[in-house]
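In what follows, a structure is listed as structure tokens, so that the remarks can point back to it.
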Amino acid sequence: MISKSVVLALAFSAATFTTAVAQQAAVTNAIMLKRAGTLDKARIEIDKAVLDEKTGVKSKTWFERGEIYSGIIVSPLYSKTAPANATQTAYESYQKAIEFEKDEKKKEYTPQAQAKLQGIYGMAFNDGVKQYNAQDYPAAIKSYELASSINPQDTSAVLYSAYAYEAAQNGAGAEQAYRKVLAMGHKTRQIYSRLMTISQTTGKTDAQQLEVVREAMVAYPNTVPYMLQEISLMLKMGKEQEAITKIQAAIAADPSNSNLYAVLGSLYDKMNKPELAVETYTKAITADPANFDAQFNLGVYQFNKGADLINKARKMSAAEYTKSGKKTEADSKAYFEKAIPYFEAANKLKACERSVLQPLQKAYVSINKLADAERVQKLTDDCDKTAKKK
């Protein structure tokens, strides 16, 4: 006669065996369903299996889960209804497959899982692009950061995460990502320019902003926009003479550097010292006639002098005009004449700049060279048509 305890023990063993078989069957079913192409059903089965205390600690179970989720992501049929975290799940599953085999002498799934992880990088990156385009910036950031964790040497995912942080108006996150890219050796003007903009929009002090600008100038010395920004900040901080001294020292070391003269000319402009500005811009053009900033700024100076005089003549009383109006108008035309060669040179260096074409046309009209004014108007119209086609 069999005792009750034995019967219970046998019943328990049978139940345990039945459960284990059931969970093993879930793995087998998942594999069969995957092979049949019914990935939605395969996912249900494999998700059951990873939760079981027996099959959930097997490398095979997790590897197959990675395969199923990866298949869903790229499937034309199932990708549209894939779970939002499908790529992350596939990544974690392959990682688990490797983890559960770490103590095994024979690693059956580890080499395959490691190879599959590189494929997940592309999936995660593509997820980030889609999410960014859909303006789901937090999700895009997660996807790019997942891609970066898979391939830490690649700068693209980190750089794109910085763009997503900026789009999400998270300046601190963007700055951290950009600095990570710099630390990886990918130093571009664009990144430094973005860091400068972030330093301005996140409430950093002038001194902190100046640090960022000077960091950029170490990587890209004599870059005019950076130099102008440095000078602007120094002026805000009341360091006018320091700014002048800095540029003059640079000119002494490199007297043929046209950009340095152009920057110094801009500095004199900001300090309302037009005569010194003109003298310095002229030196810039002597060093390099192709210096757009110097050509343009000299044109602006001469044009503004002419405009001031013509406005003065228009405001004169009849008696004042009889006395000095004609001379004032003649003097204004002389300045417009002087402005034209600079604007023409600037236009050759940078075509289709409205800031050049508009005053150039007005200067021609002011000295009654209407054919030239019409020519410039046609240039402007052609530029507008070209811009609309792009």
Side-chain angles (χ1 to χ4, degrees), residues 5-128 131 139 142-154 157:
S5 60
V6 173
V7 172
L8 288 172
L10 289 171
F12 178 78
S13 299
T16 302
F17 177 76
T18 302
T19 302
V21 170
Q23 292 308 321
Q24 185 57 50
V27 176
T28 303
N29 288 341
I31 294 171
M32 298 301 292
L33 290 165
K34 180 193 71 174
R35 290 174 181 171
T38 51
L39 296 174
D40 54 342
K41 294 178 181 178
R43 179 170 70 87
I44 293 171
E45 291 296 315
I46 202 68
D47 282 346
K48 291 178 187 175
V50 296
L51 296 175
D52 181 67
E53 62 179 13
K54 297 288 186 182
T55 54
V57 293
K58 292 184 178 296
S59 182
K60 176 181 179 180
T61 305
W62 289 99
F63 179 80
E64 291 298 340
R65 189 173 189 241
E67 291 288 270
I68 290 166
Y69 273 86
S70 295
I72 289 171
I73 295 164
V74 299
S75 167
L77 180 61
Y78 297 107
S79 59
K80 293 179 181 179
T81 56
N85 63 340
T87 304
Q88 179 73 35
T89 301
Y91 170 73
E92 291 173 353
S93 297
Y94 287 129
Q95 288 281 56
K96 284 281 190 180
I98 295 169
E99 180 185 336
F100 283 119
E101 265 193 347
K102 66 181 179 181
D103 295 326
E104 300 292 329
K105 289 183 179 180
K106 182 181 178 182
K107 292 182 170 47
E108 184 177 355
Y109 294 99
T110 295
Q112 299 177 69
Q114 288 171 334
K116 295 288 184 177
L117 283 173
Q118 292 307 309
I120 297 294
Y121 169 85
M123 294 178 185
F125 192 93
N126 290 337
D127 283 348
Q131 290 154 351
K142 286 183 180 179
S143 294
Y144 289 135
E145 289 180 346
L146 171 60
S148 179
S149 70
I150 297 169
N151 192 352
Q153 304 305 315
D154 186 82

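When only modelled atom types and interatomic distance are considered, Tyr94 and Gln114 share no side-chain donor-acceptor pair under 3.5 Å.
Remark: the backbone N or O of Ala157 is not paired with any side-chain donor or acceptor of Ser148 at under 3.5 angstrom. Using a distance-only test at 3.5 Å, with no hydrogens or angles considered, a donor-acceptor pair links the side chain of Glu101 to the main chain of Thr110. Of the possible polar contacts, none joining the Thr61 side chain to the Val57 backbone as a donor-acceptor pair under 3.5 Å is found.
Within the 4.5 Å cutoff, no side-chain heavy atoms of Glu45 are placed close to those of Lys41. Side-chain contact check for Tyr121 versus Asp154: some heavy-atom pair is nearer than 4.5 Å. The closest side-chain heavy-atom distance from Ile98 to Leu117 is below 4.5 Å. Under the 4.5 Å side-chain criterion, counting only non-hydrogen atoms from C-beta, Ser75 is in contact with Leu39. Counting only heavy atoms from C-beta outward, the side chains of Ile31 and Lys60 approach each other to under 4.5 Å. Annotation: side chain of Met123 is in contact with side chain of Ser70 (closest heavy-atom distance under 4.5 Å). Under the 4.5 Å side-chain criterion, counting only non-hydrogen atoms from C-beta, Arg43 is in contact with Tyr69.
To the nearest 0.5 Å, atom CD of residue Glu99 and atom OG of residue Ser59 are 10.0 Å apart. Taken to the nearest 0.5 Å, the CD1 atom of Ile73 stands 8.0 Å off from the OG1 atom of Thr89. Of the inter-residue distances, the one linking Thr87 atom OG1 with Asn126 atom CG reads 9.0 Å to the nearest 0.5 angstrom. Atom CD1 in Ile68 sits 4.5 Å away from atom CD1 in Ile46 (nearest 0.5 Å).
Ring pair Tyr109/Phe63 is tilted by interplanar angle, where 30° to 60° counts as tilted.
Scanning all heavy atoms of the two residues, the minimum distance from Tyr144 to Phe125 falls at CE2-O, 3.7 Å. Residues Ala42 and Ala30 share a closest heavy-atom pair of CB-O, 3.5 Å. Residue Glu67 comes nearest to Lys116 through the heavy atom pair OE2-CE, 3.1 Å, listed as atom of the first residue, atom of the second, then distance. Contact between Ser143 and Gln131 at its shortest, heavy atoms only, is OG-OE1, 2.7 Å.
Environment of NZ in Lys34: crowded, with over 12 heavy atoms of neighbouring residues, nucleotides or ligands closer than 6.0 Å.
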Given Gln88 and Glu92, is the side-chain hydrogen bond (donor to acceptor under 3.5 Å, both in side chains) satisfied, shown in steps?
CA-CA 6 Å; Gln88 179 73 35; Glu92 291 173 353; 2.8 Å; yes
